[in-house]
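Take a look at the structure set out below.
Counting starts at 1 for both ligands and their atoms, in listed order. The first residue in the sequence is number 1, and the count goes up from there.
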Amino acid sequence: RRVVDRLASARCPTFSVEFFPPRDEADEAVLWRSIRELEPLDPAYISITYGAGGSSREGTIRNIARVATDTTLVPMAHLTAVNHSVAELRNVIGHFAAVGVRNILALRGDPPGDPMGEWVPHPQGLTYAEELVRLVRELGDFCVGVSAFPYGHPRSVDLETDTKYLVRKLKAGADFAIAQLFFEAEDFLRLRDRVAAAGSDALILPGIMPLTTPRTWRKTVELSGATPPRWLSERLEPLVDDPKAFRAEGLDTITELCERLLAEGVPELHFYTFNRSKATRELVDRLGLRSPRAEPAAVGS
Ligand code: FAD
C-alpha cells in the first residue's frame, strides 16, 4: 500500500506518525506498545527514522519490517545516504521491498557528530537526496517521500535556492514531501506556495511536534532552525517549571496550529511521537482526524 494512494483516497483529514529506532530492549517494548496503541486508529502510515550507524540502522530495518509483517499498518522507512555506498543502499532498498515496505523517505542525512560539519560523501556513495530518489525509483515500484524546510534548509543560501533544489528533488520522482518543524501555519503555507509557484504540484505535508514538555519545545526550536515568534515563547516559557501547565498549554498551541492548517486544506498531519502515543492520540481525538478509510463524519454528529 502506497502512502500517496492512501492519501488520495482519504475522504477526511488524516494523520501519520514518526518513530525512531529503539536503543535497547526496554526501548523497543515502549515503541511496540505505542505502535499497538495507535494501530486501531489506522494512521495513513507510520515511519521510522534512519540513524547514522550500525545498531540504530539495524533497529530501523528490523522494526519497519515487523510493522509490515505483523501489523495492519502501512510502513514507511526513512533512508539516508550517510556512510553508504550505492551498493549498500541498493541492498537496504531491496530488503525493504522483500519484506513489503513500499514507501521510502529518501534523505541525504547529516554528517555524523556535527550536523553542520563538512559533508563528505561516501567514495562510492551519493551527495544529494535527489540522487537517492532516482535510485529508489530505479529499483522498484516505491512511493517516495522527501524532506522540505519551511525556513529553508540550514545549508541553503536563500529560500529561492532552497526551493529550486526541493523542486528538482520532487521532479526527480518523489511523490510527496514532509516539512520540517515550524511555528506558525503561515510559515508552512508559504513553503507550499513557493513549491507550487516553482511548478510542482507534489503534496507537501506538515511535520508536527506535540509540545508536551520543555524538551519537545527545545527540540522543535532546534530542528526548525528558526527563532520562535515572541507570542509563542511568551505562552510557553513561563511554564517550563510546571510540567502539567506546560503540557496543557503546549497541546493547546499545537491544536490551534493544526486547526489552522486543516482550515487551509492540509489533508494530513505528520506527528513526531518520541516513541509514545498518548499526546498523538489526544490530538487526533481533539482534531477529529480519521483513518483514510473512514467515511466523513455526518453533519451535526
Ligand atoms: P538534500 O535535499 O540533499 O539537501 C541538502 C542540501 O543541499 C540543501 O541545502 C539543499 O538545498 C542542497 N542541495 C540539494 N540539491 C543540490 C544540488 N543539486 N546542488 C547543490 N545543492 C543542493 N536525518 C536522518 O539522519 N535520518 C532521518 O530519518 C531523517 N528524517 C527526516 C525527516 C524529515 C521529515 C526531515 C525534514 C528531515 C529528516 N532528517 C533525517 C534530516 C535530514 O537528513 C537533514 O536535514 C539533512 O541535512 C538534509 O537532508 P535532505 O534529504 O533534505 O538533503
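Scanning the protein for heavy atoms near atom 11 (O) of ligand 1, the closest one is S156 OG, 3.1 Å. Summary of contacts: the protein heavy atom closest to atom 47 (O) of ligand 1 is D110 OD1, 2.4 Å.
When the options P154, G109, A148 are ranked by their closest heavy atom to atom 43 (O) of ligand 1, first place goes to G109. Nearest to atom 17 (C) of ligand 1 by heavy atom, out of W119, F149, Y165, is Y165. Closest heavy-atom approach to atom 27 (C) of ligand 1 among the candidates L107, T161, I48: L107. Of the options R57, K164, H153, Q180, the smallest heavy-atom separation from atom 9 (O) of ligand 1 is shown by H153. Within the set R108, H270, K169, the minimum heavy-atom distance to atom 5 (C) of ligand 1 is found for R108.
H84 and Y50 have tilted rings, their planes meeting at an angle from 30° to 60° on a 0 to 90° scale. Y128 and Y165 have parallel rings, their planes meeting at less than 30° on a 0 to 90° scale where 60° marks the start of perpendicular.
With a 4.5 Å cut-off on side-chain heavy atoms, L132 and V144 do not count as touching. Under the 4.5 Å side-chain criterion, counting only non-hydrogen atoms from C-beta, E282 is in contact with R247. Counting heavy atoms from C-beta on, the side chains of F15 and L41 come closer than 4.5 Å. In this structure, the side chains of L289 and L262 come closer than 4.5 Å at one or more pairs of heavy atoms.
For ligand 1 and T80, the ligand atoms under 4.0 Å from any heavy atom of the residue are 24 (C), 25 (O), 26 (N). With ligand atoms numbered from 1 in the order given, ligand 1 contributes 18 (N) to contacts under 4.0 Å with heavy atoms of R168. Heavy-atom proximity to Y50, at under 4.0 Å, picks out these atoms of ligand 1: 24 (C), 25 (O), 26 (N), 27 (C), 28 (O). Within ligand 1, counting atoms from 1 as listed, the ones closer than 4.0 Å to a heavy atom of R155 are 9 (O). The atoms of ligand 1 that sit less than 4.0 Å from any heavy atom of L105 are 32 (C).
The residues D141 and R102 are annotated as not salt-bridged, no charged nitrogen and carboxylate oxygen being separated by less than 4.0 angstrom.
Not a single heavy atom of G207 sits closer than 4.0 Å to an atom of ligand 1. Under a 4.0 Å heavy-atom criterion, F20 is not in contact with ligand 1.
Backbone and side-chain nitrogen or oxygen atoms of H78 are examined, and one is located within less than 3.5 angstrom of a nitrogen or oxygen of ligand 1. In terms of polar-atom proximity, defined here as any N/O pair under 3.5 Å, Y272 makes no such contact with ligand 1.
When the shell of 6.0 Å around CD of E160 is examined, it contains 12 or fewer heavy atoms from other residues, nucleotides or ligands.
Every side-chain hydrogen bond (donor to acceptor under 3.5 Å, both in side chains) that Q180 has, sequence neighbours left out, goes to Y272.
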Problem - Residues Y151, D187; criterion side chain to side chain donor-acceptor pair (under 3.5 Å); working and verdict - result: CA-CA 7 Å; Y151 310 113; D187 302 335; 2.6 Å; yes
